[in-house]
Amino acid sequence: MPSPALNDLVDELLSAPGPLAIVAAGDPVLRRPAEPVDDRLDPRRLGRLIEAMRATMHAAPGVGLAAPQVGLPLRLAVIEDTAEVSDEVRRVRGRVPQPFRVLVNPAYEPVGTGRAAFFEGCLSVPGWGAVVARHETVRLHALDEHGHTLDEVFTGWPARIVQHETDHLNGTLYLDRAELRSLSSREAMAERWNQPGPAAAAEALGFELS
């Protein structure tokens, strides 16, 4: 049965106009494993929450948003990427457009042993970025907003998005996996480290690429 307490929390969250407030690092909700969605929300509220998360992701802007980032400890995330990047970035990073997807109770597993390292950021850690080595290819298991099973292989940048958002649901921030010597302000990333790959940053800042 739907949880009255959870429904009240969602109603309160959705009562304010405009995009949802994004929780910043330091809030405990980002450091606790989220709870399964299951039937904790009635379909109407779940649909409203998904639309609000989508609007918030677009407004930020970002390519993914997890429920803990708006203060809800639920295993729910949305992703979407128009991938409006140069051909070189598309080639080096494997960044290709991704349609809007809802991920309910997602989990991933690596496919193969390949890993790729690139600068990454997070809406909950605004103004900063760092190099994170992640699996090049992952297999995602989840449900969509209609309860249909998702079993899909992602590679390149889409695989990075899936890993980043699913990590949020496990209480993990990208900084936990980052090469901390690469930590750079948004300004430094734009002025110094705007190449498709992080090789120049690795050499200048003194860290190894795995």
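Every value quoted in this text rests on a predicted model; they were computed, and no experiment measured them. Atom set for the values below is all heavy atoms of this structure, side chains included, hydrogens, waters and symmetry mates excluded.
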Taking atom [atom1] of [X] and atom [atom2] of [Y], what is their separation to the nearest 0.5 Å?
| X | Y | atom1 | atom2 | value |
| --- | --- | --- | --- | --- |
| R48 | R45 | CZ | CZ | 7.5 Å |
| N194 | M189 | CG | CE | 9.5 Å |
| L41 | N7 | CG | CG | 5.5 Å |

Which atom of [X] lies closest to which atom of [Y], heavy atoms considered:
| X | Y | answer |
| --- | --- | --- |
| S182 | L205 | CA-CD1, 3.9 Å |
| L169 | A67 | CD2-N, 4.5 Å |
| A77 | E165 | CB-CB, 4.1 Å |
| F207 | A201 | CE2-O, 3.4 Å |
| V29 | P68 | CG1-O, 3.4 Å |
| Q195 | A200 | NE2-CB, 3.8 Å |

Taking C-beta and beyond as the side chain, do [X] and [Y] meet within less than 4.5 Å on heavy atoms?
| X | Y | result |
| --- | --- | --- |
| L30 | S124 | yes |
| D151 | R139 | yes |
| W128 | R186 | no |
| W157 | V96 | no |
| F154 | L140 | yes |
| Q69 | C122 | yes |
| F118 | P198 | yes |
| R75 | L103 | no |

Margin query: Using a 6.0 Å distance limit plus a 45 degree cone around the ring axis, check whether R54 lies over the aromatic ring of F100.
Written below: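 The answer is yes, since R54 meets both limits relative to F100.
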Do [X] and [Y] share a hydrophobic cluster, counting only Ile, Leu, Val, Met, Phe, Trp and Tyr and linking them when any side-chain heavy atoms are less than 4.5 Å apart?
| X | Y | value |
| --- | --- | --- |
| V23 | L123 | no |
| V92 | F119 | no |
| L13 | M53 | yes |
| I50 | L143 | yes |
| V102 | L20 | yes |

Item checked: Residue pairs passing the ring-ring contact (aromatic ring centres under 6.0 Å, His included) test where at least one lies in residues 158-183, sequence neighbours excluded ->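 Counting only pairs at least two positions apart or across chains, the ring-ring contact (aromatic ring centres under 6.0 Å, His included) contacts touching residues 158-183 are H164-H168.
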Check: For L72 and L49, what are the C-alpha separation, side-chain angles and deciding distance, and is it a side-chain contact (heavy atoms from CB on, under 4.5 Å)?
Finding: CA-CA 10 Å; L72 290 174; L49 175 59; 3.7 Å; yes
Notebook entry, point to check: Among all residues two or more places apart in sequence or in another chain, which pass the salt bridge (Lys or Arg N to Asp or Glu O under 4.0 Å) test with E35?
Noted result: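 Partners of E35 under the salt bridge (Lys or Arg N to Asp or Glu O under 4.0 Å) test: R40.
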Backbone N or O of [Y] within a donor-acceptor pair of the [X] side chain at under 3.5 Å?
| X | Y | answer |
| --- | --- | --- |
| N170 | T172 | no |
| T155 | E136 | yes |
| N105 | V37 | yes |
| D27 | A24 | no |
| E191 | A188 | no |

Margin query: Could you check whether atom CZ of R31 has more than 12 heavy atoms from other residues, nucleotides or ligands sitting under 6.0 Å from it?
Written below: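 For R31, atom CZ is crowded (more than 12 foreign heavy atoms under 6.0 Å).
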Note to self: Filter on salt bridge (charged side-chain N to carboxylate O under 4.0 Å, His left out), then keep only pairs touching residues 113-128, sequence neighbours left out; what's left?
What the structure shows: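 Matches after skipping sequence neighbours: E120-R134, E120-R160.
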Margin query: Is it the case that the side chains of E109 and H135 hold a donor-acceptor pair, with the cut-off being a distance below 3.5 Å and no angle test?
Written below: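 The answer is no; no qualifying pair exists.
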Next item on the list: For side-chain contact (heavy atoms from CB on, under 4.5 Å), just list the numbers for L183 and L175, CA-CA rounded to whole Å, side-chain angles, deciding distance to a tenth of an Å, and then say yes or no.
Entry: CA-CA 9 Å; L183 186 64; L175 291 174; 3.9 Å; yes
Next item on the list: For the pair H141 and E152, evaluate side chain to side chain donor-acceptor pair (under 3.5 Å) and give the outcome as yes or no after the intermediate values.
Entry: CA-CA 7 Å; H141 303 277; E152 188 173 348; over 6 Å; no
Next item on the list: Evaluate the criterion side-chain contact (heavy atoms from CB on, under 4.5 Å) for residue pair V138 and V153; output intermediate values, then yes/no.
Entry: CA-CA 6 Å; V138 297; V153 173; over 6 Å; no
Item checked: Intermediate values then yes/no, salt bridge (charged side-chain N to carboxylate O under 4.0 Å, His left out), D144 and R101 -> CA-CA 7 Å; D144 67 11; R101 284 187 176 89; over 6 Å; no
Next item on the list: Report the C-alpha distance between R95 and V63 in whole Å, list the side-chain angles of each, state the deciding distance to 0.1 Å, and finish with yes or no for side-chain contact (heavy atoms from CB on, under 4.5 Å).
Entry: CA-CA 11 Å; R95 186 168 178 181; V63 296; 3.7 Å; yes
